[in-house]
Asker: 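Below is a structure I'd like to ask you about.
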Amino acid sequence: MDTSSPTVFVNGELLKLYMGRRVRTVVQVTRNEGGAVVGQSTDNQQLTVKGPNQSVPVMHFMEVIGVADGPQSIRAEICTDFGSNFDTASYNGLCKLANGQFKNLFL
């Protein structure tokens, strides 16, 4: 496992704590806007994803790995379509655990 560039699991609330760092999150795509995707995080915050061509349909969930370049935006490196059915509550719980009590288990 490559640990040279770890990604932090974040939701919308946690994103602002990792500005300039590599992060991983899931958003539900709400619209495409001039080369960027606007989506809703698992904790119901609006995030903007800029970067490579994201061909994920509206209302699908998309995993984003990239650099947090603003309190509500990510410059994407990798985007993956997770489809239209995703358990947001479980992912949001994972983000809280990975940044809290069990932070030492995550890179």
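Note that these values count all heavy atoms, side chains included, but never hydrogens, waters or copies made by symmetry. This chain uses plain numbering: 1 for the first residue, then up along the sequence.
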Asker: Looking at every heavy atom in both Ser41 and Leu47, which two are closest together, and how far apart are they?
Answerer: CB-CD1, 3.8 Å

Asker: Scan for ring-ring contact (aromatic ring centres under 6.0 Å, His included) pairs involving residues 8-40, sequence neighbours excluded, and state none if there are none.
Answerer: Phe9-Phe106

Asker: Decide yes or no on ring-ring contact (aromatic ring centres under 6.0 Å, His included) for Phe61 and Phe82, but give the supporting numbers first.
Answerer: CA-CA 5 Å; Phe61 291 90; Phe82 276 6; 8.7 Å; no

Asker: Any donor and acceptor pair, going by atom type alone, linking the side chain of Glu63 with main-chain N or O of Val26 inside 3.5 Å?
Answerer: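 Answer holds: no.
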
Asker: Should Leu17 and Val67 be regarded as members of a common hydrophobic cluster, given that ILVMFWY residues are connected when their side-chain heavy atoms come within less than 4.5 Å of each other, either directly or indirectly?
Answerer: no

Asker: Any link between Val64 and Ile78 through a network of hydrophobic side chains (Ile, Leu, Val, Met, Phe, Trp, Tyr) touching at under 4.5 Å?
Answerer: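 Hydrophobic grouping puts Val64 apart from Ile78.
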
Asker: Using the side-chain hydrogen bond (donor to acceptor under 3.5 Å, both in side chains) criterion, which residues pair with Thr88? Sequence neighbours excluded.
Answerer: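 By the side-chain hydrogen bond (donor to acceptor under 3.5 Å, both in side chains) rule, Thr88 matches no residue at all.
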
Asker: Spell out, as yes or no, whether a donor-acceptor pair under 3.5 Å connects the side chain of Thr42 to the backbone of Tyr91.
Answerer: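 Checking the backbone N and O of Tyr91 against the side chain of Thr42, no donor-acceptor pair under 3.5 Å is found.
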
Asker: Before giving the answer on side chain to side chain contact (heavy atoms under 4.5 Å, CB included), spell out for Gln40 and Gln46 the whole-Å C-alpha distance, their side-chain angles and the decisive distance to 0.1 Å.
Answerer: CA-CA 5 Å; Gln40 185 172 349; Gln46 182 175 295; over 6 Å; no

Asker: What I want to check is whether the side chains of Asn11 and Asn92 have a donor and an acceptor closer together than 3.5 Å.
Answerer: yes

Asker: So which atom in Arg22 and which in Pro6 form the shortest heavy-atom distance, rounded to 0.1 Å?
Answerer: CB-O, 3.6 Å

Asker: Could you tell me which non-hydrogen atom of Ala76 sits nearest to which non-hydrogen atom of Val49, and how far apart they are?
Answerer: CB-CG1, 3.7 Å

Asker: If you round to the nearest 0.5 Å, how far is OG1 of Thr48 from CZ of Arg75?
Answerer: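 Rounded to the nearest 0.5 Å, the CZ-OG1 separation comes out at 14.0 Å.
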
Asker: Are Val23 and Leu15 close enough, and set up right, to give a side chain to side chain contact (heavy atoms under 4.5 Å, CB included), and what steps lead you there?
Answerer: CA-CA 8 Å; Val23 296; Leu15 181 64; 3.9 Å; yes

Asker: Give a yes or no on whether the backbone of Glu13 and the side-chain of Asp43 come within a donor-acceptor separation of less than 3.5 Å.
Answerer: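 Indeed, once roles are kept as given, a pair shorter than 3.5 Å links the two residues.
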
Asker: Nearest 0.5 Å, what's the CZ-CG distance between Arg21 and Asp69?
Answerer: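 Those atoms lie 15.0 Å apart.
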
Asker: So which atom in His60 and which in Ser84 form the shortest heavy-atom distance, rounded to 0.1 Å?
Answerer: CD2-CB, 4.0 Å

Asker: Show the numbers, then the answer: is there a side chain to side chain contact (heavy atoms under 4.5 Å, CB included) between Thr80 and Met62?
Answerer: CA-CA 5 Å; Thr80 305; Met62 175 175 74; over 6 Å; no

Asker: Begin with the C-alpha distance, continue with both residues' side-chain angles, and end with the deciding distance and a verdict on side chain to side chain contact (heavy atoms under 4.5 Å, CB included) for Lys16 and Gln72.
Answerer: CA-CA 7 Å; Lys16 63 182 168 272; Gln72 293 181 304; over 6 Å; no

